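Just below is one structure, and these are the notes that go with it.
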Amino acid sequence: MDEYKKFVLSQIGIDRYVLRSNSNKNNNLNKVINEDVLIQIPPLKKNINKQSESNQIVENRQKPLNWQTLTSEIKNCQNCILSKERKQVVIGTGDLKPDWLFVGEGPGAEEDQQGLPFVGNSGKLLDNILLSIGLERGKKVYIANAVKCRPPGNRPPILDEIAACQNYLHSQISLLKPKIIVAVGKTATVALLGDDKTPLGKYRQRHLKFQWNNFSNKFLEPNQPTIPIVVTYHPSYLLRNLNDKIKSWEDLVLAMDILNKQNNG
Ligand code: URA
């Protein structure tokens, strides 16, 4: 590992890479990659206000979406209670033709203020995590959240709120067509895999595949390709649990391996 990479890893608090990379010599990660776990995504149970105008637009749409229509729908969305107290809708940021899509939970106070995702402390860590795998905000990477409006008091979004925004996230994926998705934290995992019962740890270190569910297919282009997903810890969690940063690094190594394999295959 070169000195620069060591420096970057030390910035995200990882200094045990030598030990771990030795322990990976029996190629555990490759075994995981070949597993190719296929997840069927059921639509989340929703309690969306059916009268909501923007929701009707989504459900009645015949034509494929474009980014402009989608973002203006999201900005006007009133599908759940989070719309009542938001200052700004946070749609996402980055390259609109990304290789990587990182999905977080939802805006906090600073994101709500600025209208951009991951601008607080966890955002700084996310930027360093991106650096550690040779990425930079805005280049080949898009950053979005499972929910687009701030939950009051920075509480985690409840299932109905995640479900109310799930269409938007799936539509973003459909238009961005990333080569790989990294779900950071439980909320993103629920929104992407449609499963709120399984602990996040059970999904780590697996090559999962995002599949379009019937709910999305109603309004998205048919025959969307499947996209690999890797699940890892949320940067806010990592700020409180420093010892798990090494695990997060392992998840990113898995994601890089999947992407390289895909690019070379
Ligand atoms: N900021 C975001 O935009 N998303 C998160 O999940 C956390 C902080």
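Hydrogens, waters and symmetry mates are skipped; everything else that's a heavy atom, side chains included, is used. Computed from a predicted model, the values in this text were never measured in an experiment.
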- request: Could you check Lys245 against Tyr233 for side chain to side chain contact (heavy atoms under 4.5 Å, CB included), going step by step and ending with a plain yes or no?
  value: CA-CA 8 Å; Lys245 283 184 179 176; Tyr233 296 114; over 6 Å; no
message: Walk me through whether Asn79 and Tyr168 qualify under side chain to side chain contact (heavy atoms under 4.5 Å, CB included).
response: CA-CA 11 Å; Asn79 284 349; Tyr168 294 137; 3.6 Å; yes
task: Check the pair Lys139 / Leu135 against side chain to side chain contact (heavy atoms under 4.5 Å, CB included), numbers first and verdict last.
output: CA-CA 7 Å; Lys139 290 191 188 155; Leu135 294 173; over 6 Å; no
task: Decide side chain to side chain contact (heavy atoms under 4.5 Å, CB included) for Gln172 and Lys148; before the verdict, give the C-alpha distance in whole Å, the side-chain angles of both, and the deciding distance to 0.1 Å.
output: CA-CA 12 Å; Gln172 285 180 298; Lys148 315 299 185 204; 2.6 Å; yes
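Atoms OG1 and CG, on Thr198 and Leu193 in that order, are 8.5 Å from each other to the nearest 0.5 Å. Note that CD of Glu110 and OG of Ser122 are 9.0 Å apart. Values are rounded to the nearest 0.5 Å. We find the OG-CG distance between Ser174 and Leu70 to be 9.0 Å, quoted to the nearest 0.5 Å. Put simply, CD1 on Ile74 and SG on Cys165 are 7.0 Å apart, with the number rounded to the nearest 0.5 Å. In this structure, CD on Glu73 lies 10.5 Å from CD1 on Ile91, to the nearest 0.5 angstrom. Once rounded to the nearest 0.5 Å, the distance linking CG of Leu96 with CH2 of Trp67 reads 5.5 Å.
No chain of hydrophobic side-chain contacts below 4.5 Å, direct or via other Ile, Leu, Val, Met, Phe, Trp or Tyr residues, connects Val119 to Leu239. Residues Leu116 and Phe118 are members of separate hydrophobic clusters, defined by side-chain heavy-atom contacts under 4.5 angstrom among Ile, Leu, Val, Met, Phe, Trp and Tyr. Leu175 and Val90 sit in two unconnected hydrophobic clusters of ILVMFWY residues. Membership requires side-chain heavy atoms under 4.5 Å apart, directly or through other members. One hydrophobic cluster, built from ILVMFWY side chains closer than 4.5 Å, holds both Leu176 and Leu130.
Ile129 places none of its side-chain heavy atoms less than 4.5 Å from the side chain of Ile133. Counting heavy atoms from C-beta on, the side chains of Ile173 and Leu192 come closer than 4.5 Å. Residues Arg155 and Glu161 meet the side-chain proximity criterion, which asks for heavy atoms closer than 4.5 Å. Thr187 has its side chain out of reach of Val190: every pair of non-hydrogen atoms, C-beta onward, lies at least 4.5 Å apart.
Between Thr226 and Lys209, the shortest heavy-atom distance links the atoms OG1-CD, 4.0 Å. The minimum heavy-atom distance between Ala188 and Val184, with the atom names listed, is CB-O, 3.8 Å. Nearest heavy-atom pair, Leu82 versus Pro152, reported as atom, atom and distance to 0.1 Å: CD2-CD, 3.7 Å. Residue Ala146 comes nearest to Leu169 through the heavy atom pair CA-CD2, 4.3 Å, listed as atom of the first residue, atom of the second, then distance. Taking every heavy atom of both residues into account, Leu126 and Phe102 meet most closely at CD1-CD2, 4.0 Å. Nearest heavy-atom pair, Ser83 versus Arg86, reported as atom, atom and distance to 0.1 Å: CB-NH1, 3.3 Å.
Side-chain atoms of Asn66 come within 3.5 Å of backbone N or O of Thr69 as a donor-acceptor pair. Listed for the Asp95 side chain is a donor-acceptor partner under 3.5 Å among the backbone atoms of Lys97. A side-chain donor-acceptor contact under 3.5 Å links Gln166 to the backbone of Ala191. Judged by distance alone, with hydrogens and angles left aside, the side-chain atoms of Asp112 form a donor-acceptor pair with the main-chain N or O of Lys87 at under 3.5 Å.
Using a 4.0 Å cut-off between charged nitrogen and carboxylate oxygen, Asp99 and Lys179 count as a salt-bridge pair.
In summary, of the residues considered (Lys186, Arg240, Glu105), a side-chain contact (heavy atoms from CB on, under 4.5 Å) with His234 occurs for Glu105 alone. Just one residue in the list Leu208, Val231, Ile227 forms a side-chain contact (heavy atoms from CB on, under 4.5 Å) with Ile181, and that residue is Ile227.
Summarising the local packing, CD of Glu85 is surrounded by 12 or fewer heavy atoms from other residues, nucleotides or ligands at distances under 6.0 Å.
In this structure, a donor-acceptor pair under 3.5 Å is present between the side chains of Asp251 and Gln205. In this model, a donor atom of one side chain and an acceptor atom of the other lie less than 3.5 Å apart for Asp195 and Tyr203.
Hydrophobic cluster of Ile158: no remaining members, since no ILVMFWY side chain lies below 4.5 Å from it.
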